[in-house]
There are 2 protein chains.
Amino acid sequence: MRSIPDEGLELIARRFAVLAEPMRLRLLHALFEGEKNVSQLVEFTGGTQANVSRHLQTLTGSGILGRRKEGLLVFYSIADPSIYHLCDLVCGSLEKQLTKQAGVFSHH
Amino acid sequence: MRSIPDEGLELIARRFAVLAEPMRLRLLHALFEGEKNVSQLVEFTGGTQANVSRHLQTLTGSGILGRRKEGLLVFYSIADPSIYHLCDLVCGSLEKQLTKQAGVFSHH
DNA sequence: TTCAAATATGATCCAATGCGTATATAGTTT
DNA sequence: AAACTATATACGCATTGGATCATATTTGAA
């Protein structure tokens, strides 16, 4: 079998880790609608400005988000389209698991 | 826009977190070949028995792996087929990012 | 140039998690 | 039952990462 070098594994793990925070998922979910600036995201998520800014930095640093400055405002947007599919996959898998029990997602 | 309840976000984050460890990815990679018992996985990954066992427990607890006892041996296998696609997506996305620089995956 | 608004960053604290060692449990063999 | 093998778990330690508060930086306006 083809083995994966440690560097590669750590890169993959790192990518998953970036997605492993509820606040970052909330930010991604907000940005699925289209690009938004930091203030909008702060209001949207209900987080503090500092915290939102940090998470945006994490997401941007990993290449998932893109950044665009316009005067005082900074707009963020999805830069890696694979994220959509990734989230769909996980949601789908979890829905399957959950419909075998009680349904958190059941009220479509 | 449809918002996702906090419970849901935490479930999704949790799923990503489970995939965010190199050793667990190594175990998954090993199991992509087919089911293996703990000793085989210990040898395969080069980890300690205790550590491998713990990570297998994490993966099983999240529904990603299945567990089958056969005498003294315990066999683990991929239970959630979406994992294949999930890893492919991430790898593909990372390859794209990396080919824009130096190539860790470049020697196919 | 001074002020105000939007965003980023530094310092600190705290909780979560991974690893290693040692030990416990379960199943098998004699 | 005793001894042995395979696997799981308890404990302690070290590291990491997120949240908050305060402050810095950037940019536009007066």
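We use all heavy atoms of the structure for the numbers below, so side chains are in, but hydrogens, waters and symmetry mates are not. Letters go in sequence order (proteins before strands), and every chain restarts at 1.
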Participant: Does D:dT7 have OP1 or OP2 under 4.0 Å away from a side-chain N or O of B:Arg67?
Facilitator: no

Participant: Can you measure A:Glu43 atom CD to C:dA6 atom C1' for me and round it to whole angstrom units?
Facilitator: 15 Å

Participant: With side chains defined as the heavy atoms from C-beta onward, is the minimum distance between B:Ile64 and B:Leu19 less than 4.5 Å?
Facilitator: yes

Participant: Hey, are the side chains of B:Val42 and B:Thr48 touching, using non-hydrogen atoms and a 4.5 Å cut-off?
Facilitator: no

Participant: With a 4.0 Å heavy-atom cut-off, tell me which residues in residues 46-58 of chain B come close to DNA chain D, sorted by residue number.
Facilitator: B:Gln49, B:Ala50, B:Ser53, B:Arg54, B:Gln57

Participant: Which heavy atom of B:Cys91 sits nearest a heavy atom of A:Ile12, and at what distance?
Facilitator: SG-CD1, 3.5 Å

Participant: Could you check whether any side-chain N or O of B:Glu70 sits under 3.5 Å from a backbone N or O of B:Asn37, counting only pairs where one atom can act as donor and the other as acceptor?
Facilitator: no

Participant: When you measure from the side chain of B:Arg15 to the backbone of B:Ser62, do you find a donor-acceptor pair of N or O atoms at a distance under 3.5 Å?
Facilitator: yes

Participant: Provide, to the nearest angstrom, the distance between the CG atom belonging to A:Leu59 and the P atom belonging to D:dG17.
Facilitator: 14 Å

Participant: Under 6.0 Å from the CD atom of B:Glu35, do we count more than 12 heavy atoms belonging to anything else shown?
Facilitator: yes

Participant: For nucleotides 24-30 of chain C, give me one character per nucleotide, 5' to 3': B if any protein heavy atom sits under 4.0 Å from the base, S if the only such contacts are to the sugar-phosphate, - if neither.
Facilitator: --BBS--

Participant: State, with a plain yes or no, whether a side-chain heavy atom of B:Gln97 is found less than 4.5 Å away from one of A:Asp80.
Facilitator: yes

Participant: Report yes if a side-chain nitrogen or oxygen of B:Tyr76 is closer than 4.0 Å to either non-bridging phosphate oxygen (OP1 or OP2) of D:dA8; otherwise report no.
Facilitator: yes

Participant: Is the backbone N or O of A:Glu95 less than 3.5 Å from a side-chain atom of A:Thr99, with the two atoms forming a donor-acceptor pair by type?
Facilitator: yes

Participant: Can you tell me if the side-chain N/O atoms of A:Arg14 get under 4.0 Å from OP1 or OP2 in D:dG17?
Facilitator: yes

Participant: Compare all side-chain heavy atoms of B:Arg26 with those of B:Leu41 and state whether any distance is below 4.5 angstrom.
Facilitator: no

Participant: Is A:Leu11 close to B:Leu98 at the side-chain level, that is, under 4.5 Å between some pair of heavy atoms?
Facilitator: yes

Participant: Any base atoms under 4.0 Å from B:Phe75, or only sugar-phosphate, or nothing? Heavy atoms, all strands.
Facilitator: nothing

Participant: Kindly indicate whether the side chain of A:Arg24, heavy atoms from C-beta on, has any atom under 4.5 Å from the side chain of A:Leu28.
Facilitator: no

Participant: Within this structure, what is the CG-to-C1' distance between A:Leu9 and C:dG18, rounded to whole angstrom?
Facilitator: 16 Å

Participant: For residues 15-23 of chain A, which residues have at least one heavy atom under 4.0 Å from DNA chain D?
Facilitator: A:Glu21

Participant: Which part of the nucleic acid does A:Arg68 contact within heavy-atom distance under 4.0 Å: base, sugar-phosphate only, or nothing?
Facilitator: nothing

Participant: For the pair made of CG in A:Asn37 and C1' in D:dT26, what is the distance, rounded to whole Å?
Facilitator: 15 Å

